[in-house]
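Quick notes on the structure that follows.
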Amino acid sequence: MLPLPGAPASSWSLFRQRLAGKLDGINWSVAVSFWLFGLINNVLYVILLSAALDLVGPNIPKGTVLLADVVPSFFVKLTAPYYIHLVSYSTRIWLFCALSAVGMLVVGASSDSTDAGSISAKMAGVVLASLSSGGGELTFLGLVHHYGHTALAAWGSGTGGAGLIGAGAYALLTTTFGLSVRATLLASAGLPLIMLLSFFVLLPHGPLKLARREELAKHAVAENDHDSAPETAGLLTQANSNLLDTSPPPLSKALHSLKANLLRARKLVIPYMLPLFLVYVAEYTINQGVAPTLLFPLPNTPFRNYRAFYPTYAAIYQLGVFISRSSLPFIRVRTLYAPSILQILNLALLSTHAVTPFIPSVYIIFLVIFWEGLLGGLVYVSTFAAIREEVPEEDREFSLGATTVSDSGGICVAGFLSIGMERALCGWQVRHGRDWCERL
């Protein structure tokens with residue numbers, strides 16, 4: 001941990017020395033590779049959410065895009081940890097990059113129209129990109145096991161940067177430069193190439209090759225132990241052992257492996273999965289269900305129209321997420337439930353204000369939204385850092401991948417909650433003389 005400058009027993013020179021010590025010895029090829037993995041794996045998700053209004057038009061709930069972008073990813077994360085180890089990392093990277101590119105091409109090619117047929121095609125493309133994102137997340141977090149703390153810190157920072165870069169790039173290209181939605185989405189289909197280059201060119205493959213050799217050595221030892229017979233055994237004993245081969249059939253092995261993995265996953269629920277799930281339910285319910293109703297009279301705000309509130313909240317939230325997900329080398333949370341409970345309190349606070357306004361200024365809302373982003377990002381990176389430190393090495397790769405189901409599960413629940421919550425809060429405000437939510 002780094003002490004704050006000016007604190008007792010600290011100074012700027014000591015702070016700089018300790019910071020240099022944190023950065024010394026970093027394998028920058030690994031750091032840059034995992035930062036790009038986090039960025040590219042998540043940026044398409046952000047771009048699709050940023051384009052939600054353009055994709056489905058004003059008459060279809062934007063939660064439709066959120067659910068199409070999250071539910072497939074959730075099911076991949078729920079099931080893939082139990083069989084994805086049968087597929088090599090290089091094959092997975094090719095597969096996920098292809099799914100992402102095809103998905104964005106389908107969305108982009110059908111983006112000029114909002115009729116029922118084109119919307120169905122867009123949602124199919126979103127589903128493909130979501131499958132890739134979910135599989136990519138558990139794959140890259142599995143890779144973290146082989147590359148260490150630097151890889152986890154870089155991955156977390158990259159996923160945080162995806163929010164800022166994705167939303168900012170989409171707004172910049174479509175608004176400032178006047179590029180069409182179709183051209184922007186089609187151009188984004190080329191982003192997975194960066195992931196391919198990062199894995200096959202930039203990332204050192206030494207740790208993966210070492211892990212592969214160790215795995216093959218274990219299998220060879222196991223086979224030798226099974227096949228070898230004692231030298232003192234007679235011919236009849238050896239013949240009987242060959243006839244009575246007790247090795248389990250492949251199906252039995254697969255079922256045994258599945259049962260063992262389910263038992264391992266159950267041990268992850270309380271210490272790691274539940275706090276991550278809770279923080280995501282709370283923050284995405286805020287973002288999708290409550291934030292659109294956190295409005296003030298325009299003369300008391302820096303805005304000229306009510307539509308400007310929501311993207312501003314989103315940008316402030318993403319800034320908080322980026323900062324906290326980039327803080328792992330310097331800040332760690334040991335008690336994961338504390339920030340999760342604080343996030344639930346944020347949801348209660350902002351929901352109460354939406355019903356009975358008591359916060360006097362939008363600038364205070366800005367601070368709460370920024371705090372929300374800090375808490376969410378901090379729980380994310382601290383959860384996986386805790387798994388790396390606390391879970392036995394033989395279970396670590398599986399545990400890192402299996403725990404990813406928690407964030408997608410939380411977002412799914414929040415997506416359904418927020419659809420009803422936004423309507424309820426907006427309806428309450430309209431009935432009590434505040435119709436600003438209808439002017440977005």
Side-chain angles (χ1 to χ4, degrees), residues 36 38-73 96-133 136 158-159 161-197 287-288 291-292 303-319 322 415 439-440:
L36 290 173
L39 174 70
I40 302 302
N41 192 69
N42 283 35
V43 75
L44 297 182
Y45 163 83
V46 176
I47 290 173
L48 289 172
L49 290 186
S50 301
L53 180 62
D54 299 316
L55 293 179
V56 299
N59 298 322
I60 296 178
K62 310 309 166 289
T64 304
V65 179
L66 174 65
L67 292 175
D69 211 3
V70 173
V71 172
S73 175
F96 297 145
C97 288
L99 283 173
S100 293
V102 172
M104 296 306 293
L105 288 172
V106 170
V107 175
S110 55
S111 61
D112 287 340
S113 176
T114 56
D115 59 85
S118 64
I119 290 177
S120 298
K122 292 172 195 172
M123 293 305 101
V126 172
V127 166
L128 292 178
S130 176
L131 292 172
S132 169
S133 178
T159 59
L164 285 176
I165 294 173
Y170 183 81
L172 189 69
L173 292 173
T174 58
T175 304
T176 305
F177 294 114
L179 204 64
S180 69
V181 173
R182 176 188 176 91
T184 302
L185 295 174
L186 290 176
S188 68
L191 291 175
L193 289 174
I194 298 175
M195 189 183 293
L196 284 176
L197 291 173
N287 295 345
Q288 304 297 324
F303 306 122
R304 295 183 180 180
N305 56 71
Y306 286 103
R307 190 178 181 86
F309 279 84
Y310 186 73
T312 303
Y313 291 150
I316 293 171
Y317 163 77
Q318 295 291 357
L319 177 62
F322 173 67
R439 305 184 198 177
L440 298 178

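These figures come from a predicted structure and were not determined experimentally.
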(message) Quick check: do N305 and R439 have side-chain heavy atoms less than 4.5 Å from each other?
(response) no
Problem - F96 side chain reached by L131 side chain, heavy atoms, under 4.5 Å - result: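 Sidechains of F96 and L131: no contact.
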If the condition is side-chain hydrogen bond (donor to acceptor under 3.5 Å, both in side chains), which residues does [X] pass it with, not counting sequence neighbours?
X	result
T159	R325
S100	S132
Y313	none

Could you check whether any side-chain N or O of S130 sits under 3.5 Å from a backbone N or O of V126, counting only pairs where one atom can act as donor and the other as acceptor?
no
- Message: I'd like to know if the side chain of Y310 and the backbone of Q288 have a donor-acceptor N/O pair within less than 3.5 Å.
- Response: no
From [atom1] ([X]) to [atom2] ([Y]), nearest 0.5 Å:
X	Y	atom1	atom2	result
L99	L44	CG	CG	11.5 Å
I40	L193	CD1	CG	9.5 Å
L55	L49	CG	CG	9.5 Å
I165	Q318	CD1	CD	11.0 Å

Taking only residues two or more places apart in sequence or in another chain, which ones pass side chain to side chain contact (heavy atoms under 4.5 Å, CB included) with [X]?
X	answer
A167	V46, S50
L179	L173, A183, T184
S133	N41
V71	L67, F75, C412

Q | Residue pairs fulfilling salt bridge (charged side-chain N to carboxylate O under 4.0 Å, His left out) with at least one residue in residues 164-177, sequence neighbours excluded | A |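 Sorted result for residues 164-177: empty, none.
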- Query: What pairs meet the salt bridge (charged side-chain N to carboxylate O under 4.0 Å, His left out) rule with one or both residues in residues 163-189, with sequence neighbours excluded?
  - Reply: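 Of all non-adjacent pairs touching residues 163-189, those that pass salt bridge (charged side-chain N to carboxylate O under 4.0 Å, His left out) are D112-R182.
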Do you know which two heavy atoms are closest between [X] and [Y], and how far apart they sit?
X	Y	answer
P192	C97	O-SG, 3.5 Å
A162	G38	CB-O, 4.3 Å
A68	M123	CB-SD, 3.9 Å

